[in-house]
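The figures here come from the full heavy-atom set of this structure, side chains too, leaving out hydrogens, waters and symmetry mates. Reminder, nothing fancy here: chain letters follow the sequence lines and each chain counts from 1.
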2 protein chains.
Amino acid sequence: MNSKVKDMLTAPGLALTPSEARIVQVLLSDYPMSGLGTATTLARRAGVSDPTVGRLVIKLGFDGYPAFQARLLAEVEARLHSPLLMMEAKRPAGDGDGAAQAYLASVGHSLDATRQAVPEQAYGQAVRLLLETKGQVYLVGGRFSRGIAAMLAGYLQQFRPGVVDLGILSADRFDALVDIGRRDLLVVFDYRRYQSDVVAFARQAADRGARILLFTDVWLSPVAEFAEVTLSARIEVDSPYDTLAPAVAQMEAVIAHAVAETDFAARDRIERIEQIRAAQKVTLDDEPGRNAPPRRGPDGVSRRPKLTPNPEGTS
Amino acid sequence: MNSKVKDMLTAPGLALTPSEARIVQVLLSDYPMSGLGTATTLARRAGVSDPTVGRLVIKLGFDGYPAFQARLLAEVEARLHSPLLMMEAKRPAGDGDGAAQAYLASVGHSLDATRQAVPEQAYGQAVRLLLETKGQVYLVGGRFSRGIAAMLAGYLQQFRPGVVDLGILSADRFDALVDIGRRDLLVVFDYRRYQSDVVAFARQAADRGARILLFTDVWLSPVAEFAEVTLSARIEVDSPYDTLAPAVAQMEAVIAHAVAETDFAARDRIERIEQIRAAQKVTLDDEPGRNAPPRRGPDGVSRRPKLTPNPEGTS
DNA sequence: CGACATATGTAGAGAGGTTTTCAGATTTAG
DNA sequence: CTAAATCTGAAAACCTCTCTACATATGTCG
């Protein structure tokens with residue numbers, strides 16, 4: 001049921017009438033384009049009548065020609081999104097592009113640089129710290145980067161208990177230091193224009209024996225001196241400001257590594273959280289009335305191919 | 001006349017009405033798949049009526065929607081027959097890279113897709129909204145994306161007064177609606193797993209006459225229906241979660257566009273803020289007293305000299 | 001050779017898609 | 001603020017496509 005149309009057409013157990021065989025041959029001769037027009041067009045090319053085409057696709061198990069075509073279209077989309085194809089479509093970047101697009105291209109370069117700058121091993125160490133810490137996991141960040149800390153906190157809460165996002169570091173937040181000890185982990189996000197309060201906080205936490213995981217730029221925050229693991233990102237771009245996108249990607253990469261590496265003992269925890277959230281209807285999964293009312297054929301099959309929804313999303 | 005549809009859609013001399021711009025955006029955001037269904041489907045996704053779609057393709061020089069679609073199909077065929085794609089059959093899919101690095105590469109693809117999905121013009125519109133709004137600028141975001149909202153708020157505060165980051169949308173935050181009116185702008189970050197409270201908030205703000213700038217993914221949050229400008233990013237990656245890195249980059253690209261485009265009337269404001277911050281010693285600069293504003297070339301484009309520290313950084 | 005079964009085409013009904021028409025809404029110019 | 005121009009969507013007309021019903025052809029077996 002899930003195989004590609006091409007496989008269905010060449011399946012051995014298929015009993016084809018002479019006319020149907022001609023249609024299949026046309027279909028395969030320039031696959032899948034010839035199936036993307038109307039049924040009548042295809043019939044004419046095969047030298048048969050359109051009802052014959054309809055009968056064939058029904059014999060193949062589809063509910064009708066539109067359903068068949070939708071499947072074909074979905075396959076085209078899958079191929080169109082292949083990484084190789086994306087490379088081909090990649091434009092030279094920067095030619096006629098405006099400032100915004102040039103900026104995005106520039107971010108792409110920083111992202112590449114980031115990928116090459118940090119060995120895979122470092123991600124593994126970060127994951128180990130995050131998941132195997134027995135005590136609490138505290139997170140701090142600078143004025144801009146604290147948003148990333150919050151995102152990471154959001155993910156971590158799905159994986160383990162004891163996650164504390166310290167948010168903005170106001171003076172009274174330093175009180176939290178009394179609770180931080182040898183069994184705890186402090187995750188610090190500190191990118192250039194290193195904030196003195198963040199550095200001070202991290203130093204004091206380190207003095208109290210806490211382990212430190214640092215996300216910073218390639219010039220390394222002062223925190224790197226006493227951090228156990230440091231992940232650096234390339235953040236400079238063609239702009240008076242720096243970009244945080246590679247930093248975000250790097251944080252997410254840690255999560256991706258965790259997901260790939262662990263056998264996902266945390267899965268049941270995620271599912272529990274999902275259930276709670278569903279009960280509270282915090283997210284609306286299917287936009288009512290927007291993409292819908294899906295046009296349906298008489299068979300009840302949606303006419304347009306679904307556009308590959310992800311099992312889990314962020315917002 | 002022989003240019004690709006994508007180029008026609010992004011051609012500079014093209015005068016697009018607001019509704020038409022939304023269609024173009026949808027087309028580009030999932031190119032070329034979204035143009036392969038029916039005109040009605042496309043219209044629905046863009047939140048416009050089908051005649052508007054027809055008018056657009058005629059304005060582009062086609063004889064009608066079927067003609068437009070035929071051209072699109074021809075392009076698909078061309079790409080499908082590309083030599084690169086032929087090699088794909090034997091693609092092992094799993095590189096020698098580890099999970100984290102593969103993830104970063106995947107983010108790179110989404111970033112490229114994002115760059116190509118949104119015309120430069122849209123960034124200009126976003127900048128205009130952000131800078132020329134007379135009233136207040138409010139910002140909201142979802143559970144994860146609110147970090148991006150906070151980052152944007154950080155930038156905006158350097159450019160203009162009246163920036164209000166609404167933070168987490170708790171029930172009492174809805175009280176803020178009474179202050180939102182016709183002269184104000186609401187910036188919404190809403191990525192898939194669209195949050196019902198965010199959507200509801202935006203809808204009510206729109207009802208009160210506020211203009212709306214939306215950052216979302218290519219499947220478009222329901223907010224897109226009544227947003228004045230929508231910027232969509234590609235956020236899906238090879239991971240059970242989505243990535244927000246392209247979303248961050250896109251937000252920053254808006255800032256980059258603003259910096260490049262405007263004559264930077266906001267410069268004095270930035271300098272004032274710099275002075276205040278220096279006085280409070282919030283950041284520890286590696287080089288004290290090196291607070292110069294961004295250097296700019298004769299063309300008015302800001303130019304960052306290599307290897308000099310940024311005049312303004314993110315942390 | 002004749003009767004039946006299967007295969008195929010023709011024609012038309014019905015559904016869905018596109019385009020035209022027109023009126024309301026919005027923006028722009030004066 | 002008013003008037004003109006433009007933009008937009010609702011509705012309907014028109015067209016195209018699909019699929020059903022029926023008729024015809026082709027082959028098969030007694």
When the distance from [atom1] of [X] to [atom2] of [N] is rounded to whole Å, what number comes out?
| X | N | atom1 | atom2 | answer |
| --- | --- | --- | --- | --- |
| B:Ile23 | D:dG9 | CD1 | P | 8 Å |
| B:Arg22 | D:dC7 | CZ | P | 16 Å |
| A:Leu56 | C:dG9 | CG | C1' | 16 Å |
| A:Phe68 | D:dC17 | CZ | P | 17 Å |
| A:Leu42 | D:dC19 | CG | P | 13 Å |
| B:Leu16 | D:dT6 | CG | P | 16 Å |
| A:Phe62 | D:dT18 | CZ | P | 15 Å |

**Prompt:** Below 4.0 angstrom from OP1 or OP2 of D:dT8, is there any side-chain N or O of B:Ser19?
**Reply:** yes
**Message:** On the nucleotide D:dT6, are OP1 or OP2 found under 4.0 Å from the side-chain N or O atoms that B:Thr17 carries?
**Reply:** no
**Message:** Angle between ring planes, B:His257 versus B:Tyr123, binned at 30° and 60°: parallel, tilted or perpendicular?
**Reply:** parallel
**Fill in**
Smallest heavy-atom separation, B:Met8 atom then B:Leu60 atom, equals CE-O, 3.3 Å
**Exercise: identify the closest heavy-atom pair between B:Arg45 and B:Val218** = NH2-O, 4.1 Å
**Other residues, nucleotides, ligands: >12 heavy atoms within 6.0 Å of A:Lys6 NZ** = no
**Asked** Would you find more than 12 non-hydrogen atoms of other residues, nucleotides or ligands less than 6.0 Å from B:Arg208 atom CZ?
**Response** yes
**Message:** I need the single residue from B:Leu166, B:Val137, B:Ile148 that forms a side-chain contact (heavy atoms from CB on, under 4.5 Å) with B:Val187. Which is it?
**Reply:** B:Val137
**Request:** Using side-chain contact (heavy atoms from CB on, under 4.5 Å) as the criterion, point out the one residue from A:Ile58, A:Thr38, A:Asp50, A:Leu42 that pairs with A:Tyr65.
**Result:** A:Leu42
**Prompt:** Quick check: does any side chain N or O of B:Thr216 sit under 3.5 Å from a backbone N or O of B:Ser221, one acting as donor and the other as acceptor?
**Reply:** yes
**Request:** Scan B:Val48 against the nucleic acid and name what it touches under 4.0 Å (heavy atoms): base, sugar-phosphate only, or nothing.
**Result:** sugar-phosphate
**Request:** Take nucleotides 18-25 of chain C nucleotide by nucleotide from the 5' end and write B, S or -, depending on whether a protein heavy atom sits under 4.0 Å from the base, only from the sugar-phosphate, or from neither.
**Result:** BSB-----
**Request:** Determine to 10° how strongly the helix from C:dC1-D:dG30 to C:dG30-D:dC1 is bent, judged from the axes of its five-pair ends.
**Result:** 20°
**Request:** For the pair B:Asp165 and B:Arg146, evaluate salt bridge (Lys or Arg N to Asp or Glu O under 4.0 Å) and give the outcome as yes or no after the intermediate values.
**Result:** CA-CA 9 Å; B:Asp165 183 10; B:Arg146 65 156 316 288; 3.6 Å; yes
